[in-house]
Enquirer: 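Take a look at the following structure, please.
In each ligand, atom 1 is the first atom listed, and ligand 1 is the first ligand listed. In what follows, every heavy atom counts, from backbone to side chain, and hydrogens, waters and symmetry copies are set aside. Keep in mind it's a predicted model, so treat the numbers as computed, not measured.
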Amino acid sequence: MKRSITRYSLFILIAAGFITCKTQAPQTKVTQSQGVYQYKDEDPTVKPFFSDRVGVTGRNGMVASAHPEASQVGLNILKAGGNAVDAAVAVQFALAVVYPGAGNIGGGGFMVYRDNAGKAYSLDYREKAPAAATKDMYLDSVGNVRPGLSISGHLASGVPGSVDGMAEAHKRFGKLTWAQVLQPAIDLAANGFALTERDALGLNRVKGDLNTINPGKSYFMKSIVPTDTMTWHPGDKLVQADLAKTLQRIQAQGRAGFYEGETARLLAEEMVRGKGIITEEDLKNYHSVWRDPIQATYKEYNVITMPPTSSGGVALVQLMRFVEPFPLRKWGWNRDSTAQVMIEAERRVYADRAKFLGDPDFVKVPVAQLISPDYLRSRWADFSWAKATNSNDLKGGVIPGYESLETTHFSVVDKDGNAVSITTTLNGGYGSRVVVSGAGFFMNNEMDDFSVKPGVPNMYGLVGNQANAIAPNKRMLSSMTPTILEKDGKLFMVVGTPGGSTIMTSVYQTILNVIEHGMTMQQAVNALKFHHQWLPDKTIFENGAFSESTIDYLKNRGYILEKLTNTLGRMDCVLVRPDGSYEGASDPRADNTARGY
Ligand code: GLY
């Protein structure tokens with residue numbers, strides 16, 4: 001009986017949607033003619049793309065990452081006969097050198113891998129809480145959060161996972177030697193590389209913190225003498241001699257070059273110096289985990305994505321399945337009804353995230369139930385076309401601000417069709433801003449991704465509960481969503497982005513832009529994005545993501561909209577086109593670059 005009622009409700013919803021559709025302004029269409037997608041804009045107030053960048057094509061391999069130097073490293077590895085995993089490992093280490101704001105060896109991440117025979121894997125190399133961590137470690141004696149302690153400085157770091165993750169991935173799937181895939185990063189660190197304008201801006205932005213947190217150290221500082229020479233400029237060369245030595249130890253000893261011996265000693269000493277709690281024992285005990293990826297169908301596609309400890313995969317499948325019954329293409333890209341159901345889906349998904357998601361090694365996460373179509377149908381019960389759902393009726397919370405959305409993603413496909421999707425992070429830009437003395441790398445501030453106190457938002461405004469409470473050796477919940485899609489059993493898309501809490505919604509919209517709205521991969525990346533995360537109860541959007549008439553439509557129904565002055569997403573993706581060639585798409589919003597051959 002219950003089931004028939006929910007099915008009936010769904011029918012009413014869909015029917016109501018079709019009726020709404022008839023009253024809409026002309027739709028924004030992306031159409032295909034003679035194999036080239038043409039954007040046809042029938043509404044002059046809609047400007048759906050951040051830029052007109054076109055994708056990079058290749059038949060033999062593709063790498064898309066946040067930095068041109070790192071993408072070039074990946075391409076060189078592919079050309080040297082490496083497979084997608086070899087290239088991905090080389091890119092992870094190269095990003096640790098050329099993209100220190102998010103690329104890392106002092107952080108962690110997630111890999112989704114699909115081999116060319118269609119077998120899928122996922123590797124969780126997320127950081128862990130140190131053994132001495134406690135549930136209330138960021139609270140004062142009366143239970144209030146001590147501001148900033150989980151974000152900045154030595155106590156903010158989890159035990160890093162990236163080096164172990166790369167060693168695991170390479171041991172299982174690599175073809176070239178470990179020494180070969182490490183060498184490009186060592187060369188970049190030892191010989192230096194020319195900063196882009198964005199690189200220079202980033203380093204200049206954090207120099208105050210670098211001085212305060214690492215007094216007397218010159219890491220990532222052009223000079224520690226307070227004169228004009230402190231300022232980095234585009235084209236300046238950044239040489240990282242200590243980091244080169246750390247990478248050489250990793251090259252020579254594998255994971256032991258980081259988790260034991262000299263590097264571990266330097267890291268533990270750094271912790272003692274700054275009253276952090278990571279010990280050499282914590283480092284020795286760190287191990288990444290192979291997990292079964294989430295695999296879920298959406299229409300004729302199979303979505304392969306990251307299971308918990310990331311919330312990203314669950315959320316992505318929920319988001320996609322929430323809107324699967326609706327005719328989004330007919331309604332039009334980001335138009336009234338499309339925008340409304342997508343926002344309402346986002347609201348419901350983030351409410352579930354806060355309640356149910358955490359480290360699966362510590363709490364039971366009901367993944368199958370959360371992504372089941374029956375459950376998702378039932379979640380539409382309180383939806384109304386006439387009025388926005390009130391997030392506080394779903395669950396209470398606090399309105400926070402938005403801060404740094406750093407993290408980084410890269411996608412790789414090799415000539416044989418093996419595909420890697422990796423998202424990796426220090427959490428905030430340049431992590432905790434602690435640089436390990438003598439070892440030359442930034443430490444993460446991933447402890448802030450725990451729920452430091454139930455109901456209190458983290459730096460992304462995300463709230464959580466017991467499922468994501470701090471415990472020794474537990475992994476903190478993530479939003480990272482490295483994802484691979486199959487169509488008709490064949491590799492179709494490799495996708496992902498940084499963006500903190502906005503990761504899932506950017507991945508979701510990018511995928512739908514291709515499969516529902518017919519965009520090329522690059523157009524889907526260029527397309528403007530929006531985001532709702534349940535709390536705060538508002539939709540943030542890139543200027544131009546909604547037409548004026550859609551803004552009116554949403555406002556008239558009680559939606560709170562906030563136009564961003566900055567941007568959403570830094571997508572790096574690869575699409576397999578019908579002729580088997582690859583389209584690499586990198587985000588024009590930053591230095592992201594695709595390289596293929
Ligand atoms: N640190 C961002 C995330 O893992 O979601």
Enquirer: Would you call K453 and D136 a salt bridge, using N to O less than 4.0 angstrom?
Expert: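 Looking at D136 together with K453, the answer is no, because their closest N to O distance does not fall below 4.0 Å.
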Enquirer: For ligand 1, list every N/O pair with the protein closer than 3.5 Å, one pair per line with the distance.
Expert:
{"residue": "ligand 1", "atom": "1 (N)", "partner": "N427", "partner atom": "OD1", "Å": "2.7"}
{"residue": "ligand 1", "atom": "1 (N)", "partner": "E446", "partner atom": "OE2", "Å": "2.7"}
{"residue": "ligand 1", "atom": "1 (N)", "partner": "D449", "partner atom": "OD2", "Å": "2.6"}
{"residue": "ligand 1", "atom": "4 (O)", "partner": "R126", "partner atom": "NH1", "Å": "3.0"}
{"residue": "ligand 1", "atom": "4 (O)", "partner": "R126", "partner atom": "NH2", "Å": "3.2"}
{"residue": "ligand 1", "atom": "4 (O)", "partner": "D449", "partner atom": "OD2", "Å": "3.2"}
{"residue": "ligand 1", "atom": "4 (O)", "partner": "S478", "partner atom": "OG", "Å": "2.7"}
{"residue": "ligand 1", "atom": "5 (O)", "partner": "S478", "partner atom": "OG", "Å": "3.3"}
{"residue": "ligand 1", "atom": "5 (O)", "partner": "S479", "partner atom": "N", "Å": "2.7"}

Enquirer: Are any of the side-chain nitrogens in E344 or R348 under 4.0 Å away from the carboxylate oxygens of its partner?
Expert: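 Yes, charged N to carboxylate O under 4.0 Å.
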Enquirer: Is it the case that the side chains of D209 and T212 hold a donor-acceptor pair, with the cut-off being a distance below 3.5 Å and no angle test?
Expert: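 Judged by distance alone, the side chains do not pair up.
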Enquirer: Counting only N and O atoms by type, is there a donor-acceptor contact under 3.5 Å from the side chain of N214 to the main-chain atoms of K217?
Expert: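 Side chain of N214 to backbone of K217: no pair is present.
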Enquirer: Looking only at side chains, do T539 and E562 share a donor and an acceptor under 3.5 Å apart?
Expert: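 Judged by distance alone, the side chains do not pair up.
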Enquirer: Cut-off 3.5 Å, no hydrogens considered: what does the side-chain donor-acceptor table look like for residues 152-160, sequence neighbours left out?
Expert:
{"residue": "H154", "atom": "NE2", "partner": "E270", "partner atom": "O", "Å": "3.3"}
{"residue": "H154", "atom": "NE2", "partner": "E270", "partner atom": "OE2", "Å": "2.8"}
{"residue": "S157", "atom": "OG", "partner": "N444", "partner atom": "O", "Å": "2.5"}

